[in-house]
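Presented below is the structure to which this report refers.
One is the number of the first residue; the rest follow in order along the sequence. All values reported here derive from a predicted model rather than from experimental measurement.
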Amino acid sequence: MREAGGSVRARLRDLVAAWDPGLLRLTAGLRTVSAIALTLAVLTLLGADVPRLVAGAVAAMVFTFAIREKQRAPQAVTLALGLPVALASLTLAALLHARVVAGDVVFVVLIFCAVYGRRYGDRGTTLGLIGFQMYFLSLFVGATPHMLPQLYGVVAVAVTSSALARFVLVPETPSAVLDRLRDAFRARLARLVSAQLDLLDAGSDEIDKALADVRAGTARLHETALMIQGRLEEGTAGESVARLVQRRVADAEIAAERLGLLLLTARSAERANTLTLHLPGAPAPPGRSLPVRDEATAALRRDLRALRLLVLRPAAAGGAGVAYVRNRLLGYRDGENLPKAPPAVQDVFRGVGEAARAVLGLRVALDGPQDESDDSPSTARSREELDAEDAAIDAGEEPGREPEGLRRPTTRAAVQVAVGSSLAIAGGEFLSSQRWYWAVLTCWIVFINTASTGEILVKGYRRLVGTVLGVVAGLLLAGLVGHHTWTAFALVLVCVFAMFYTAPLSYTLMSFFVTAALGLLYTLLHTYSLSVLVLRVEETALGAACGIIAAAFVLPVHTDRRTNELLVTVLERLAEVTGSAVDQLSGGPPADLLDQARELDRALADLRAATQPLTHRGTPLRGRRDTARYVVALLETCAYHARSLAATAELLPAHPSIAADPRLRPAGQRVLANIATISARVTDERSAGRVTTGPTVASLLEPDVPGTPRWGRVTDRVLRHLQRLDEAVLGLARPLKVPVAAPRR
């Protein structure tokens, strides 16, 4: 019974880790709720009235969520600096309470400075956010000069409570976050293997759903890998450890993605296109179901379950059974004990062996040395390979030149927000002389983490939808609460937690919970009415409209321009990774390939976010939406093959069974030339370059000595990745309207 309970708890823990990687959303919500609850408790003991309680709750929330640094010492410094900024902002708002025009001008200047401060990093962003929110808070509670002493005390209590919640009640260290992210990576890797197992067993009417699950699992695993990458420097003991973890995570991600492709190929009548794993909604290729009772299929099903067990099994829980399973799976890497099956199915077994090797490396990197007493020769060779790869590779990177003046993103955004806020103030006061600031708040929010007119339009639409739904919820909650103060505060805490927990998942949901909480706060301030909540919707719509107008007419960055700039960046990163990997595989000097691959991943993530206005299901331009999705999917395919080339090249310096092949260098030249041609075309439509086609990449290689094998197993894999990369790059030519030169005879 005890073991069963432990198993249930372990599965529940893995489920939570997979759903909320690193428990980042959970800890953010708990920390904010703790800060608010502590503030309310202290202020109640001090005899504060309801308006001061509301002010304290809002201030505690602001001081908790505004902090962006990952290290505890910088967090403490920023929190301390935030107090005088908050007091100065409150003082300005209170002193200008009766001077409408001067107050509006100061508010616009404050908004400009707050947005401009983003150029100074996390601390500048945080202090600007605190300054804006405290000015907004003073407007919300109607602060006047005689209220300032009490408000100073409320803010001091809120800052102290926020510090206690952050450093004592819900502490968070970079190493602890990284440990939880590692657990999340394991959990998501196990869930991906489960989805691949379902793909193996799916019937003809279930294969599309199974493929969609594999596609979603692959994307979530990649998302967690990027989150780990962002926490490595702060969360590890040193640069060498960070590089080792980075390499092992990349190996596991690539091995899992390749295993899914091999499974899909085994089920298909012909080799599956990698694009199938990356294009949302793409149907599974026509193929066949593997025989259910076939011995090889049964063995493959068993080995996929064993692989999932190795992923989830704690390192300390060894045993002869686990060692036996590990040894059997690693034996497939060398072709040992492969069952009699078609070549495509045997490739899946080899893929299982490579995935097991990646899991072994992940365990060594995350959990330290393992028990080697039961190693088979194949396992011993895998350990030797892993030990030989531990040397870190350092490479310098020249910083790019930042745009200057009004072309700098922070300056442009500051001007746009200032203009949009001015419009929102004028229009908001026309709607209501008392609650015009809601329009300004919406205008401010729609500019956060957006960089084009299309992104602002989508964000404004989502905020409006969430606000409308939140108004309905606010009506219901306010009616239920009545005049029960602490019931209302309890529901506010629930809404705040839900707001932080859902924020990364859905901006609409976050807006819903914000508006519901505001309805409760209005109830506490005895200013609740249906007309107030309707006004909230009107002010939100006005603020979103003002933000869109400012973005469209003041230093505009149109979505096409933004996506083209990011597309060129992705192509440049793709060329860097591919060129460096091919050069190293051809015998060139080593480079920091995994860092280059992660730069490619980050650039692709930025492009994916920027294309949301184009791919949104509500867009009327369906053809444009499909084209954007297709281009992003092709680029994700390119990134997968580039990561695979980089991972293979990283093995080269110390791997005993991999040797450089100088013939690979000319094989990659056509790929790089085509990437450069497409990049030039996206940059300048007048570019006359053409992408070139011709023989397959593999046929470009000629044996050095007649009668000798053309290439070995590793070179064969490299050529397959180059061939798929070549096909994907050529596939980009049609949607991007790049001419294709006729192949030479």
Minimal heavy-atom distance between Arg598 and Asp601, with the atoms involved, is NH1-OD2, 2.6 Å

Distance col, row Arg68:CZ vs Gln75:CD, nearest 0.5 angstrom, shows 12.0 Å

**Asked** Any donor-acceptor pair under 3.5 Å linking the side chain of Ser138 with the backbone of Leu90?
**Response** no

Handout entry: Check against salt bridge (charged side-chain N to carboxylate O under 4.0 Å, His left out), Glu599 and Arg602
Key = CA-CA 5 Å; Glu599 288 295 326; Arg602 279 192 283 267; 2.7 Å; yes

Note: Thr442 and Ala544 closest approach over all heavy atoms is CG2-N, 3.5 Å

**Request:** Give the intermediate values and the outcome of side-chain contact (heavy atoms from CB on, under 4.5 Å) for residues Tyr630 and Arg734.
**Result:** CA-CA 11 Å; Tyr630 184 70; Arg734 180 182 60 80; 3.6 Å; yes

Report task. Just do the side-chain contact (heavy atoms from CB on, under 4.5 Å) check on Arg123 and Val77 with the steps written out, would you? Result -> CA-CA 9 Å; Arg123 182 163 295 158; Val77 172; 3.6 Å; yes

Heavy-atom distance under 4.5 Å between the side chains of Val738 and Leu732, does that happen here?
no

Among side-chain atoms of Arg681 and Ser687, is any donor-acceptor pair under 3.5 angstrom?
no

- Query: Val496 versus Phe513: any side-chain heavy-atom pair under 4.5 Å?
  - Reply: no

ask   = Within the distance-only criterion (no hydrogens, no angle test), does the side chain of Ser432 pair as donor or acceptor with the backbone N or O of Gly428 below 3.5 angstrom?
value = no

Residue pair Leu567, Leu736: steps toward the side-chain contact (heavy atoms from CB on, under 4.5 Å) verdict: CA-CA 11 Å; Leu567 176 56; Leu736 296 178; 3.9 Å; yes

Between Gly427 and Leu542 the two heavy atoms that sit nearest each other are C-CD2, 3.2 Å

Between Pro74 and Glu69 the two heavy atoms that sit nearest each other are CB-CG, 3.8 Å

OG of Ser421 to CD1 of Ile111, rounded to nearest 0.5 Å, is 3.5 Å

| task | Give me the ring orientation class for Phe132 and Trp444: parallel if the planes are under 30° apart, tilted from 30 to 60°, perpendicular past 60°. | result | parallel

request  = Go through the steps to decide whether Phe497 and Ile36 satisfy the test side-chain contact (heavy atoms from CB on, under 4.5 Å), and finish with yes or no.
outcome  = CA-CA 11 Å; Phe497 176 82; Ile36 295 173; over 6 Å; no

Here the gap from Leu509 atom CG to Met499 atom CE, rounded to the nearest 0.5 Å, amounts to 12.5 Å

Report yes if some heavy atom in the side chain of Leu96 is under 4.5 Å from a heavy atom in the side chain of Phe107; otherwise report no. no

Q. Taking side chain as C-beta onward, heavy atoms only, is Val537 less than 4.5 Å from Leu464?
A. yes

Do Asp104 and Trp436 have side-chain heavy atoms sitting under 4.5 Å apart? yes

Inset, instruction - Kindly assign one of parallel, tilted or perpendicular to the pair Tyr120 and Tyr116, based on the angle between their ring planes and the thresholds 30° and 60°. - result: perpendicular

Note, Leu92 side chain near Leu110 side chain (heavy atom, < 4.5 Å)
no

Rounded to the nearest 0.5 Å, the NE2 atom of His222 sits from the OG1 atom of Thr218 at a distance of 10.5 Å

Note: Ala57 and Leu40 closest approach over all heavy atoms is CB-CD2, 4.2 Å

Worksheet entry | Test item: Thr125 and Leu129 side chains (from C-beta on) under 4.5 Å apart, heavy atoms | no

Taken to the nearest 0.5 Å, the spacing of Glu172 CD from Thr27 OG1 works out to 4.5 Å

Q) Ser162 and Thr64: side-chain donor and acceptor closer than 3.5 Å? A) yes

When every non-hydrogen atom of Ala418 is compared with those of Val108, the smallest separation belongs to O-CG1, 3.8 Å

Over 60° means perpendicular and under 30° means parallel, so tell me whether Phe136 and Tyr437 are parallel, tilted or perpendicular. perpendicular

Q. Quick one: are Leu87 and Tyr152 in side-chain contact, heavy atoms under 4.5 Å?
A. yes

In this structure, CG of Leu600 is separated from CG of Leu571 (nearest 0.5 Å) by 9.5 Å

- Report yes or no: does Ser89 contribute a side-chain atom to a donor-acceptor pair with the main-chain N or O of Tyr135 at less than 3.5 Å? yes

